[in-house]
2 protein chains.
Amino acid sequence: MALRHAVLAALLDGELSGYQLAKAFDVGVANFWHALPQQLYAELARLEREGLVAGRQVVQETRPTKRLFHVTDAGLTELERFAAAASKPSFIRDDLLVKVQAADHVDAGPLIRQVEERAAMAEAKIDLFRRILRKMRGDLGEEEFLRTGGRVGPYLTCLRGLAFEEGNRDWCLRTAAILRERSAAGPGAGTAAVTREGTTRAPRSPEVAHAER
Amino acid sequence: MALRHAVLAALLDGELSGYQLAKAFDVGVANFWHALPQQLYAELARLEREGLVAGRQVVQETRPTKRLFHVTDAGLTELERFAAAASKPSFIRDDLLVKVQAADHVDAGPLIRQVEERAAMAEAKIDLFRRILRKMRGDLGEEEFLRTGGRVGPYLTCLRGLAFEEGNRDWCLRTAAILRERSAAGPGAGTAAVTREGTTRAPRSPEVAHAER
DNA sequence: TCTGAATAGTCATATTCTTGACTATGAAAG
DNA sequence: CTTTCATAGTCAAGAATATGACTATTCAGA
């Protein structure tokens with residue numbers, strides 16, 4: 001039940017429509033959470049039923065009518081409660097890491113391409129985050145903004161996003177370089193064959209094994 | 001469907017029981033994926049039905065009987081296919097970031113405590129990862145190991161985990177320092193009250209609003 | 001000797017997230 | 001003048017994850 005709180009937190013900086021929320025929680029700017037439009041519309045409906053957010057309809061001349069949501073006092077209270085409760089640790093869950101884990105046993109070519117692609121994506125996010133941060137702090141220097149500025153929450157989460165993507169990029173570049181070097185230097189073949197004989201797949205070592213079926 | 005591949009990747013380094021897998025996918029060492037024991041036992045059963053892993057029973061004198069699993073050739077082929085397919089981007093999803101996003105609107109005290117607690121957890125993981133890396137590379141220096149060693153996959157994912165936790169720790173310490181400073185310097189109160197008047201909660205700005213209900 | 005932790009594994013339920021649709025409208029691009 | 005993009009939102013179904021409880025045995029410590 002953290003999506004609801006993520007939505008509440010996102011709505012703190014001003015009213016947003018479901019559609020705007022969906023964009024914020026999608027690509028790029030999703031610094032602190034990620035969710036698809038369907039989830040967000042559903043969550044907004046639930047939150048409204050429970051009185052934690054309230055929406056008002058805004059009829060537009062040029063665009064379809066939308067509903068802008070804002071956090072109610074009850075919502076703020078709930079957020080307060082959530083913020084004071086224990087956080088569950090966060091885990092990494094990344095396709096690409098699974099593939100790198102298996103790097104010694106699979107074809108290096110496609111893997112290297114994907115790692116480099118990821119590095120490029122990280123670079124793009126880094127640019128984006130830097131722009132967002134500049135915009136948030138305005139004329140002030142970072143240190144000054146963090147001491148004296150208003151609403152540092154979004155700035156801090158964006159800083160985390162930036163550092164994360166920098167770490168991502170650096171690791172991807174290094175990993176790509178290493179995999180390239182190894183697949184070039186690999187004795188004979190540069191593919192999975194190298195390790196299929198090289199390392200032990202250990203197809204049944206004796207061990208303590210008494211019975212076996 | 002990435003858990004199955006995470007399991008396959010984890011089994012590449014040698015046979016493991018469901019229980020051992022569960023430990024690897026739980027706290028700490030879960031560098032590239034995280035899952036609970038129930039998921040893993042279920043996934044192992046599925047993988048075995050589909051012939052991607054095979055298990056052998058090992059009766060132990062002192063401990064309950066266990067089953068050790070290893071990846072079959074079909075499993076290796078499937079992993080190969082997975083590694084060559086496109087990766088879906090990974091997203092951050094973190095309770096603590098949601099709370100920090102709302103930092104300007106909630107009580108700073110509990111939040112600071114949690115951020116510092118997280119910093120300590122990160123520090124512990126850093127130590128753990130450093131130990132694991134040292135063990136993996138043995139006598140070799142890191143660069144040398146990455147060039148010439150066997151099975152660099154796990155080493156690389158562990159490096160990512162290390163960098164991630166270092167980023168975590170640094171960000172947590174900085175965030176805690178900033179929140180502390182601000183809650184100390186806050187005019188009058190150091191709590192949510194600061195922003196409840198300070199920044200705009202914008203309870204209905206006029207905007208384009210034609211109709212409203 | 002009792003207690004708790006570690007080993008080894010399972011069941012059922014509930015929540016959450018993802019996939020793949022589908023309805024509309026207006027504006028810009030070709 | 002048609003296609004595509006951006007806005008705005010919704011439904012249904014399925015896969016993946018999480019929660020909580022449960023059965024056993026052995027070893028170490030109070």
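Side chains are part of it too, since the values below use all heavy atoms of this structure and drop only hydrogens, waters and symmetry mates. Proteins come first, then strands; the chains are lettered A, B, ... in the order of their sequence lines, and each starts at number 1.
Of all nucleotides listed (C/dA8, D/dT17, D/dA8), D/dT17 comes nearest to the side chain of B/Leu3. For B/Leu36, counting side-chain heavy atoms from C-beta on, the closest listed nucleotide (D/dA6, D/dA18, C/dC17) is D/dA18. Listed candidates were C/dA12, C/dT18, D/dT17. Nearest to the side chain of B/Gln38 is C/dA12. Between C/dT25, D/dT19, C/dA6, one nucleotide has an atom nearer to the side chain of B/Tyr19 than all others, and that is C/dA6. Here the nucleotide nearest the side chain of B/Gln60, chosen from C/dA8, D/dA8, C/dC17, is C/dA8. The side chain of A/His34 lies closest to C/dT18, out of D/dG9, D/dT7, C/dT18.
Aromatic rings of A/His34 and A/Phe25 (six-membered ring for Trp) have centroids beyond the 6.0 Å cut-off, not under it.
Residue contacts shown for B/Arg93 are limited to sugar-phosphate atoms, with no base heavy atom under 4.0 Å away.
Between the CG atom in B/Leu3 and the CZ atom in A/Arg93 there is a gap of 8.0 Å [rounded to 0.5 Å].
Rounded to an integer number of Å, the gap from CD of B/Gln20 to P of C/dA8 is 6 Å.
For D/dT19, the OP1/OP2 oxygens have a side-chain nitrogen or oxygen of A/Lys88 closer than 4.0 Å. Put simply, A/Thr62 has no side-chain N or O that comes within less than 4.0 Å of OP1 or OP2 on C/dT25. Here A/Tyr41 does not reach the OP1 or OP2 of D/dT10: none of its side-chain N or O atoms lies under 4.0 Å away.
With no hydrogens or angles considered, no side-chain donor-acceptor pair links B/His105 and A/Glu80 at under 3.5 Å.
Two residues are said to be in side-chain contact when any heavy atoms from C-beta on lie closer than 4.5 Å; B/Glu116 and B/Arg180 meet this criterion.
Looking at which nucleotide of DNA chain C each of A/Glu43 and A/Pro64 is closest to, the 5′-most match is held by A/Glu43.
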